[in-house]
2 protein chains.
Amino acid sequence: MTIKEVCEKYNLKPDTLRYYERVGVIPEVTRTGGGIRDYQEEDIKWVEIAVCMRDAGVPIEMLIEYVKLFKQGDETFEARANLLKEARARIVEARKKYDTALERLDYKISRYELAMKTGVLTWE
Amino acid sequence: MTIKEVCEKYNLKPDTLRYYERVGVIPEVTRTGGGIRDYQEEDIKWVEIAVCMRDAGVPIEMLIEYVKLFKQGDETFEARANLLKEARARIVEARKKYDTALERLDYKISRYELAMKTGVLTWE
DNA sequence: ACTTGACTTGGAGTTTACTCTAAGGTGTAT
DNA sequence: ATACACCTTAGAGTAAACTCCAAGTCAAGT
């Protein structure tokens, strides 16, 4: 799979994928004889993880750390698990804040709906 | 309430609050005769909204737009409601991605827990 | 009155995560 | 073999959201 195809699949720009590889968010991608990236299933799995985690706000640095540990082999199972647990905790925290904001927005929107009928905006 | 006190309350830096005011994320804050910020209840409400929305990833630009509309008065109820609805939709979308990431993390973590017992890491 | 610490402004600097540019190589269809 | 689109790298540039700095002002305590 070419870089373009992978980008289309995950809605990324080629520059982003090259950047991910360069800084180590994903391991080195398989290449053709001529040096052109040819993403294998394994490579695509890594892209998928990266995209999924980035979409949940996991910082680049954390993903780089994970790939680093992965490359060090089986000695790092625990370290990797801990890293994932930390990422998990962060996402749970962020999600709580999203819920708070949603509640607040729902209340405000309902007040505006009312105000659009009565002409008067009131709180609480 | 001084800028420092408000910052302590919401875990912000004074520079952040001044920045919010400067770019219009919150309206102008009440000042003492000497020109020093003295946050009133009303001012603090705005800070609270800003923090809450920022924590949910609502961009600065959107908050600025909201304050702009607010300043224009009662003609903008609908526009404000629409803005809030858009913010809401974005947060809902982002939250979905957080849920996906959490599922994925839970699966991975469980696999690592297993691997730490068996010594072998396997997927699916 | 004077020290001390917190406040003010305008503007420059930083961080994170891309995103673009220039100069050149690859590969496939005519 | 010659376009042509697409690929490569190194390195520079950008956007968003702060964050810091310098130079000066304000206010509370002694």
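Order of the sequence lines fixes the chain letters, A, B, ..., with proteins taken first and strands second; residue numbering starts at 1 for each chain. Just so we're clear, the structure is a prediction, and the values are computed from it rather than from any experiment.
Across all non-hydrogen atoms, the minimal contact from A:P59 to A:R90 is CG-NH1, 3.5 Å.
Considering only side-chain atoms of B:R31, the nucleotide from C:dT26, C:dC18, C:dT8 that sits closest is C:dT8. The side chain of B:T32 has D:dA27 as its nearest neighbour among D:dA27, D:dT9, C:dT19.
Summarising the geometry, atom OH belonging to B:Y19 is positioned 4.5 Å from atom CD1 belonging to B:I60; distances are rounded to the nearest 0.5 Å. Interatomic distance, CD1 of B:I3 versus CD of B:E21, reported as 7.5 Å (0.5 Å rounding).
Atoms CD (A:E28) and C1' (D:dT9) sit 15 Å apart, rounded to a whole Å. Taking atom CD of B:E5 as the reference point, atom P of C:dA6 lies 12 Å away to the nearest angstrom. For the pair A:E21 CD and D:dA10 P, the interatomic distance rounds to 11 Å; values are reported in whole Å. Taking atom NZ of B:K13 as the reference point, atom P of D:dC21 lies 11 Å away to the nearest angstrom. If you take OH of A:Y19 and C1' of C:dA17, they are 5 Å apart, rounded to a whole angstrom. A straight line from CG of A:L63 to C1' of C:dA17 spans 12 Å, rounded to a whole angstrom. Atom-to-atom, CG of B:D15 to C1' of C:dG11 comes out at 12 Å; the value is rounded to the nearest Å. For the pair B:L12 CG and D:dT19 P, the interatomic distance rounds to 9 Å; values are reported in whole Å.
Taking 4.0 angstrom as the limit, B:Y20 places none of its side-chain polar atoms (N or O) nearer than this to OP1 or OP2 of D:dA17. Applying the 4.0 Å criterion to OP1 and OP2 of D:dA17, one finds that B:T16 has every side-chain N and O outside that range. Listed pair A:K4 / D:dA5 fails the phosphate criterion, with no side-chain N or O lying under 4.0 Å from OP1 or OP2.
When the nearest nucleotides of DNA chain D are assigned to A:R37 and B:E61 by heavy-atom distance, the more 5′-ward of the two goes with A:R37. Comparing A:I36 and B:T2 against DNA chain C, the residue whose closest nucleotide sits nearer the 5' end is B:T2. Mapped onto DNA chain D by nearest heavy atom, B:I60 and B:G33 fall at different nucleotides, with B:I60 at the one closer to the 5' end.
Across all strands, B:R54 comes closer than 4.0 Å only to sugar-phosphate atoms, never to a base (heavy-atom distances). Among the heavy atoms of the strands lying under 4.0 Å from B:R22 is at least one base atom, whether or not backbone atoms are also near. Among the heavy atoms of the strands, none lies under 4.0 Å from B:P14.
With hydrophobic clusters built from ILVMFWY side chains whose heavy atoms lie under 4.5 angstrom apart, B:L69 does not share a cluster with A:L114.
Ring planes of B:Y66 and B:W46: tilted class, angle from 30 to 60°.
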